[in-house]
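One structure is given here, and the rest of the page talks about it.
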Amino acid sequence: MSEKKIYDVPATKAERDQMRERLEVFVRSRELVPPLSIEVLESLSESFLAQEGLPVTLREWTMVELHNCVWMPVLATIPHERRMLLLPQCLRHSAECEAEIDEVGLLCHRCMKCRIPSLEDRAAELGMMSIVAEGFTTVINLIKAGVIDAVIGVSCLDSLERAFPLLVNNAVPGVAVPLNMAGCKDTTVDNDHVIKMMEAYTPSEVALIDHEALLNEVNSWFERRTLERYVENYDDPTIALALDWLTTDGKRWRPYLFAATYAALKGEMTLSEEVKRTAIAVECFHKASLVHDDIEDNDAERYGKPTLNSLHGAAIAINVGDVLLGEGYRQLSQCTGSLTGIIADAHVALCRGQGMELEWCRKPRRVSLEWVIDVFRYKTSPAFEVSLMLGLRSAAGKESLREPLHRYSEALGVAYQLRDDVADYDGDEVIELRPSAVFALLCEMAPSEDFIAEMIEAQNVKEFLRQQHQELLEKALARVTVLAEEYRQRAIEALESINNMELKRLLFRVTARILK
């Protein structure tokens, strides 16, 4: 049985205040731009503790306070009415508290026998919302819904270890104040420190980008009536089919990623007609690739609905895919700047990756994990990179961003595909064998060449593996899951050198959502 993890907190308030002051100096001596990843926070925490000669058992507390130091200048610019105070139920006086607890949280009776009412009163005076509940999930959902923009949360380090990644990965402007002791009742917190954070306000003319509002706006560009403003001859039968495909279900990650990158680099939410045309072009190219991919793979469904080739045949589907390509280039032709080269490079890379996979399908054989990762780098990564590079070019961003954005896109694309490979083995749906990371690792661990031949020839590879080689399959899935996490971390690491906070916020959030 593993030992219980120790979450130390500086013993006295004087020690905690002194450490907070030293951490502020530590942060000011470095050019740290939020958000910072868990891994970076861990490294900084260890460096600070070594510098100060303090025990490593304070690492988690120090990580949280470092996070607070980096985010506090940003949080201070957010109006009080756009913030929320999140308090834990364990702050109440357990022996005397008569409050009820419902599905939302604690319904305080305001007996004033604990610190909860006074903190909530100060929040109300400032115009802040407050809630007494456990965990940050509720707050994250309120931020996604556009109700609030920032959070000041109080929690024990044990709970923070589980919930803290929600704040970090979603790039939430927020601070987390650790309780002064462990335990699930009658805990304490440095009230004056919480109130200081609540009261801090530095008005700023620069507002944070509302990414949820931006995503909704981008989605509105793909409503039929809106598209008809940009597409000529929309009542033509072929073009009408193309528009139907453009308006079908989809996450719109690529046009959103382009528009959000542009907004982050320009520092404004006002998006021009050229931005809209470029976003439409990005989705045209993406949907064209899906049409052609469905034909090449002979897929009957996408988004849970019939594919174009299953509804209208391969010939008509090819034609619709081609018209989407043409429409994409037509939209770009009406925009300033040399954007077509970026699209063309991504298009060629994607086709190279698809070509590698199609060639394997003609002659299935043993493959290495390195070869499969190369397929992902060509086939999947460019679809993310093209949106970022178009945003960079359209916003006239710094060329120094190209390299970190390239490394980010490459790692994100590989992580996305690795997770997709694992997801293929969820449920009981029949899957066709393809050169996936799972297949590559099964080849690596294969007990014999006969096993590989049987796997390639199996009509239902999932059933074959589950019935005869379940243990081997589980090992391969576990290794791919670990590898996907490694590439996720590589993607986040690539963002460390980016000094544009809004761009970093965007890419942290996108990573969390795409790899959810």
Side-chain angles (χ1 to χ4, degrees), residues 34-36 64 67-89 91 102-108 116-155 159-160 162-178 189 191 193-217 219 256 260 263-264 267 269 501-502 504-510 512-513 516:
L36 302 181
V64 173
H67 173 90
N68 295 347
C69 287
V70 174
W71 271 112
M72 198 58 211
V74 179
L75 184 141
T77 67
I78 297 173
H80 290 110
E81 62 270 18
R82 298 294 300 171
R83 307 181 199 176
M84 169 171 276
L85 175 65
L86 175 65
L87 298 172
Q89 298 171 14
L91 275 178
D102 64 10
E103 65 277 4
V104 176
L106 186 80
L107 303 176
C108 181
I116 289 175
S118 60
L119 289 172
E120 288 198 304
D121 285 348
R122 185 62 185 130
E125 290 168 2
L126 292 168
M128 290 176 57
M129 297 173 61
S130 65
I131 186 173
V132 184
E134 301 303 321
F136 286 88
T137 304
T138 299
V139 176
I140 298 297
N141 290 334
L142 289 172
I143 289 174
K144 289 180 179 179
V147 177
I148 57 173
D149 296 323
V151 59
I152 298 172
V154 178
S155 185
S159 296
L160 278 176
R162 297 188 297 271
F164 200 52
L166 277 174
L167 279 180
V168 173
N169 294 337
N170 286 279
V172 174
V175 294
V177 185
V189 69
N191 280 47
H193 187 57
V194 177
I195 292 173
K196 178 183 175 182
M197 290 181 160
M198 290 165 58
E199 292 177 343
Y201 182 52
T202 307
S204 173
E205 294 181 0
V206 180
L208 296 176
I209 292 176
D210 186 338
H211 288 281
E212 299 304 321
L214 181 57
L215 179 58
N216 290 334
E217 181 177 353
N219 281 327
Y256 164 71
M269 277 286 288
M501 184 191 72
E502 285 293 9
K504 284 184 74 174
R505 281 186 70 220
L506 162 69
L507 299 179
F508 265 68
R509 289 162 63 91
V510 164
R513 291 198 178 188
K516 186 176 180 181

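We use all heavy atoms of the structure for the numbers below, so side chains are in, but hydrogens, waters and symmetry mates are not. Fair warning: this is a prediction, and the values are worked out from it, not measured in the lab.
- The pair E199-R83 does not meet the salt-bridge criterion, since no charged nitrogen lies less than 4.0 angstrom from a carboxylate oxygen.
- Looking at E502, its side chain does come within 3.5 Å of a backbone N or O of I209 through a donor-acceptor pair.
- Looking at residues two or more places apart in sequence or on another chain, you find no salt bridge (charged side-chain N to carboxylate O under 4.0 Å, His left out) involving E81.
- At distances below 3.5 Å, not a single donor-acceptor pair connects side-chain atoms of H67 with backbone N or O atoms of A176.
- The two residues V151 and L75 come nearest to each other via the heavy atoms O-CD1, 3.7 Å.
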Run the side chain to side chain contact (heavy atoms under 4.5 Å, CB included) check on L87 and I131 step by step: do they pass?
-> CA-CA 6 Å; L87 298 172; I131 186 173; over 6 Å; no

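- Taking CG of L214 as the start and CD of E217 as the end, the distance is 6.5 Å to the nearest 0.5 Å.
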Step by step, work out the side chain to side chain contact (heavy atoms under 4.5 Å, CB included) result for K504 and L36.
-> CA-CA 9 Å; K504 284 184 74 174; L36 302 181; 4.1 Å; yes

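- Here the CE atom belonging to M128 is positioned 10.0 Å from the CG atom belonging to L119, to the nearest 0.5 angstrom.
- In this structure, the side chains of V132 and L86 stay at 4.5 Å or more apart for every pair of heavy atoms.
- Between T77 and P203, the closest side-chain pair of non-hydrogen atoms is not below 4.5 Å.
- Remark: I143 CD1 to L167 CG distance equals 7.5 Å, nearest 0.5 Å.
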Do I152 and M84 pass the side chain to side chain contact (heavy atoms under 4.5 Å, CB included) test, and can you show the C-alpha distance, the side-chain angles, and the key distance before you say yes or no?
-> CA-CA 6 Å; I152 298 172; M84 169 171 276; over 6 Å; no

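- Expressed to the nearest 0.5 Å, how far CG of L85 lies from CE of M197 amounts to 11.5 Å.
- Within the model, atoms OH of Y256 and CZ of R513 stand 6.5 Å from one another, a figure rounded to the nearest 0.5 Å.
- Closest approach of P34 to M501, counting heavy atoms only: O-CG, 3.1 Å.
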Please lay out, stage by stage, how F508 and V168 fare under the test side chain to side chain contact (heavy atoms under 4.5 Å, CB included).
-> CA-CA 8 Å; F508 265 68; V168 173; 4.2 Å; yes

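- Considering only heavy atoms from C-beta on, P35 comes within 4.5 Å of W71 through its side chain.
- Across every non-hydrogen atom of V74 and P173, the tightest pair is CG1-CB, 4.4 Å.
- Between the side chain of R505 and the main chain of N170, no donor-acceptor pair closer than 3.5 Å is present.
- When every heavy atom of V147 is checked against every heavy atom of M129, the shortest pair comes out as CG1-SD, 4.0 Å.
- We find the CG-CG distance between D149 and D210 to be 6.5 Å, quoted to the nearest 0.5 Å.
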